Amino acid sequence: MKWNGPLNKIDKYKYEIPSDYRGEQNNLKMKTSALIYADEKMISSVKNDYAPEQTANMTMLPGIVGKAMAMPDIHWGYGFPIGGVAATDVEHGVLSPGGVGFDINCGVRLLRTNLNVRDFDYNKIHLIIDEMFKNVPSGLGSKAKIRLSLSEIEDVLRLGAHWGVENNYGWDRDIKFLEEEGCLSNADLSTISQKAKHRGASQLGSLGAGNHFLEIQKVAEIFEPEIANKYGIKNIGQIVVMIHTGSRGFGHQVCTDHLRVLDQAVRKYHISLPDRQLACAPVNSIEGINYFNAMACAANFAWCNRQMIVHWVRESFERILKENSEDLEMDIVYDVCHNIAKLEEHIVDGTRRKLYVHRKGATRSFGPGRREIPLEYRDVGQPVLIPGDMGTESYLLAGTKKAEETFGSTCHGAGRVISRNEAVRKWRGEEIVNQLKNKGIYVHPASFKVAAEEAPGSYKDIRNVVDIAHGAGISKKVVRFIPLGVVKG
DNA sequence: ATGTCC
């Protein structure tokens, strides 16, 4: 599906679909224009996709505030494109599961260490990766190591990462360095189906599949030494661990359950939409509130999931290196979610307003001073974690004041350019693993199929994505990491 | 992303 509509260049990093564009559903008008963050190099892959039409569709949501926006890693998704950001009004707006995604609170967590590749026995990477693979259930349909009762999973949904820490998965001080401190307080168990609870109970503490991973990385470049230092990143060669996973089958079930309800709500509240996948409900309707409070349960599940995985990552390092993880200073740098809707305050046309901000494949990028940022980082902006593909590089960025123009949002990762099916036809998993081995990256995939699907050539150039986010000023480059070892789900 | 159609 190629985009043939207007895409006007605004500046070096922004393109606009003007509000007089009439989309496929030409009886509906855009309420505002749509803004896509891209440069000349990126724009061809943006146009070669259904995503611009989806970005235009976002502008037709009732109660949208400001422009509909898409980050540079934009690509086709359910309803919203992945990379989509839209804010809606707290009185007249809507909440849409298609603006959050199926993997609610899919996110990234970064652990630092005091280890450096310089004085590190390189084949230890191999051993730690294999140990992590053993200790963290991964792959399609991966099941939890522990069996939770229904009342325990309910505690998880209420408490998020706090449940993990209270049950000896991690340290008390971990909590402070998680977005929302790892728990949304509006979680409402009455909005969760038994089916979702059962799926959740069997999967808590698992990595999942696809682009979910555990990576051991080294610091390759430090752009902002002072900010990096605040985040605990001090030296070239310093070893860190990046974790990327979400709410597994639980979030998927929550999204599915509530999409069914909101599909009906669209008719009930006489909402006109250009695409059924944008199913939504007024923010103050029972259906809208229930979705928002169910989404919080799934977000809490994901934070607890990442918390348990952090614990097993620390244990894996301890077993191989025979050192205590506290002595290795394996503290959390930060944890971000990139599939979520949040009630936040933003300045709109000079006025402070509360808004529901949908971020779907987009990361919060709050600049200096925001109360939501832990005190330790508040004067430099929040850490923003951007994973690349398994053969290239990943980034630690800092949130900026300028990101207020995107309601405090930036990109979330590389973004696919080749579908999974196409990738499997194009590459052999064994060869991909070998090629990466020759580059000094040890990959332990759950299957060779996933290794082919996740081949670096399936993704956009992460450097191009990050350079656009940096160039546009909606986040700034702090550290670049290179992978040394990968567990792929 | 997802027990990739209960």
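Each chain gets a letter, A, B and so on, in the order the sequences are listed, and its residues count up from 1. Fair warning: this is a prediction, and the values are worked out from it, not measured in the lab.
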> What is the distance, rounded to the nearest whole Å, between atom CZ of Arg416(A) and atom P of dT2(B)?
Replying inline: 13 Å
>> Categorize Gln203(A) for me: base, sugar-phosphate, or nothing, with a 4.0 angstrom heavy-atom threshold over every strand shown.
In response: sugar-phosphate
> Quick one: His198(A) NE2 to dC6(B) P, roughly how many Å, whole number?
Replying inline: 18 Å
> Over how many whole Å does the gap from Leu259(A) atom CG to dC5(B) atom P extend?
Replying inline: 15 Å
> Rounding to a whole Å, what distance do you find between His212(A):NE2 and dT2(B):C1'?
Replying inline: 10 Å
>> With a cut-off of less than 4.0 Å, is there a side-chain N or O of Arg248(A) near OP1 or OP2 of dT2(B)?
In response: yes
> So which one's nearest nucleotide on DNA chain B is more toward 5', Glu454(A) or Leu140(A)?
Replying inline: Glu454(A)
>> In this structure, is the centre-to-centre distance between the rings of His412(A) and His244(A) below 6.0 Å?
In response: no
> Once you round it to whole Å, what is the distance between P of dT2(B) and CD of Gln253(A)?
Replying inline: 13 Å
> Salt bridge or not for Arg260(A) and Asp263(A), using N-O below 4.0 Å?
Replying inline: no
> When the distance from CG of Asp257(A) to C1' of dT2(B) is rounded to whole Å, what number comes out?
Replying inline: 13 Å
> What does Gly208(A) touch in the nucleic acid at a heavy-atom separation under 4.0 angstrom: a base, only the sugar-phosphate, or nothing?
Replying inline: sugar-phosphate
> When you look at Trp303(A) and Glu180(A), which way does the side chain to side chain contact (heavy atoms under 4.5 Å, CB included) test go after all the steps?
Replying inline: CA-CA 10 Å; Trp303(A) 275 310; Glu180(A) 303 292 345; 3.7 Å; yes
>> In whole Å, I'd like the distance from the CD atom of Gln194(A) to the C1' atom of dC6(B).
In response: 18 Å
> Which pair of non-hydrogen atoms, one from Gly101(A) and one from Cys255(A), has the smallest distance, and what is that distance?
Replying inline: O-SG, 3.8 Å
> Taking CZ from Phe102(A) and C1' from dT2(B), how many angstroms apart are they, rounded to a whole number?
Replying inline: 8 Å
